[in-house]
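Working notes, structure below.
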Amino acid sequence: KQQSKFLVIFFNFIISFSGAMFVYCMLTYIFITGEKSYFPPLLNHSLMNQVVNYVFIGILAIVVWVKREDNLQETQDFNT
């Protein structure tokens, strides 16, 4: 049961990270860069720029994930 719960939490985080990544990259592409890059040029160094952008995406994903877990918990509490 513990492993099953971990897999559900991990799967929810993957969904949150994928959604956050998609929204971040699309908004960047549409409103900021308009070229083949999906990350805004925050730094001059390419690798560090990607690292910083992934950190931003990770923070956004954690916020979305926490909200998603809260909503799932409320739904489970409501159904029991």
Side-chain angles (χ1 to χ4, degrees):
K1 180 165 173 132
Q2 187 69 17
Q3 184 180 10
S4 168
K5 186 175 182 178
F6 173 77
L7 289 175
V8 169
I9 291 172
F10 181 72
F11 185 68
N12 282 333
F13 181 76
I14 295 298
I15 291 171
S16 300
F17 186 83
S18 300
M21 178 104 170
F22 177 78
V23 170
Y24 185 84
C25 290
M26 287 299 102
L27 290 176
T28 299
Y29 177 75
I30 292 169
F31 293 111
I32 297 175
T33 62
E35 17 181 274
K36 291 185 179 181
S37 173
Y38 293 106
F39 296 127
L42 303 173
L43 302 171
N44 292 333
H45 192 269
S46 178
L47 178 63
M48 287 308 295
N49 190 48
Q50 283 186 339
V51 169
V52 168
N53 279 285
Y54 277 114
V55 167
F56 286 155
I57 293 168
I59 291 169
L60 180 61
I62 290 171
V63 170
V64 171
W65 173 70
V66 167
K67 183 65 177 168
R68 182 177 171 85
E69 288 293 317
D70 289 344
N71 287 340
L72 288 173
Q73 186 64 37
E74 287 176 10
T75 302
Q76 288 177 350
D77 292 344
F78 181 74
N79 289 335
T80 57

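Because only heavy atoms are used, hydrogens play no part in the values below, and waters and symmetry mates are left out as well, while side chains stay in.
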Counting neighbours of [atom1] on [X] that are heavy atoms of other residues, nucleotides or ligands and sit closer than 6.0 Å, is the number greater than 12?
| X | atom1 | answer |
| --- | --- | --- |
| Tyr54 | OH | no |
| Phe56 | CZ | no |
| Asn44 | CG | no |

**Request:** Just do the side-chain contact (heavy atoms from CB on, under 4.5 Å) check on Ile62 and Phe17 with the steps written out, would you?
**Result:** CA-CA 8 Å; Ile62 290 171; Phe17 186 83; over 6 Å; no
**Message:** Strictly distance-based, threshold 3.5 Å: is any side-chain N or O of Asn12 a donor or acceptor partner for the main-chain N or O of Trp65?
**Reply:**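 It does not hold such a pair.
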**Prompt:** Any donor and acceptor pair, going by atom type alone, linking the side chain of Asn49 with main-chain N or O of Leu43 inside 3.5 Å?
**Reply:**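 Between the backbone of Leu43 and the side chain of Asn49 there is a qualifying donor-acceptor contact (under 3.5 Å).
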Could you see if [X] belongs to whatever hydrophobic cluster contains [Y]? Use Ile, Leu, Val, Met, Phe, Trp, Tyr and a side-chain cutoff under 4.5 Å.
| X | Y | result |
| --- | --- | --- |
| Leu42 | Met21 | yes |
| Phe13 | Tyr24 | yes |
| Ile9 | Leu7 | no |
| Leu72 | Phe10 | no |
| Tyr29 | Val23 | yes |

**Message:** Rounded to the nearest 0.5 Å, what separates atom CZ in Phe22 from atom CG in Leu27?
**Reply:**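 Going from the CZ atom of Phe22 to the CG atom of Leu27 covers 9.0 Å.
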**Request:** To the nearest 0.5 angstrom, please state how far the CD atom of Gln73 sits from the OG1 atom of Thr75.
**Result:**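 Going from CD on Gln73 over to OG1 on Thr75, the span is 9.0 Å.
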**Request:** Locate the shortest heavy-atom distance separating Ala61 from Ser16; write the atom from each residue and the value.
**Result:**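 Smallest interatomic distance, heavy atoms only, reads O-CB, 3.7 Å.
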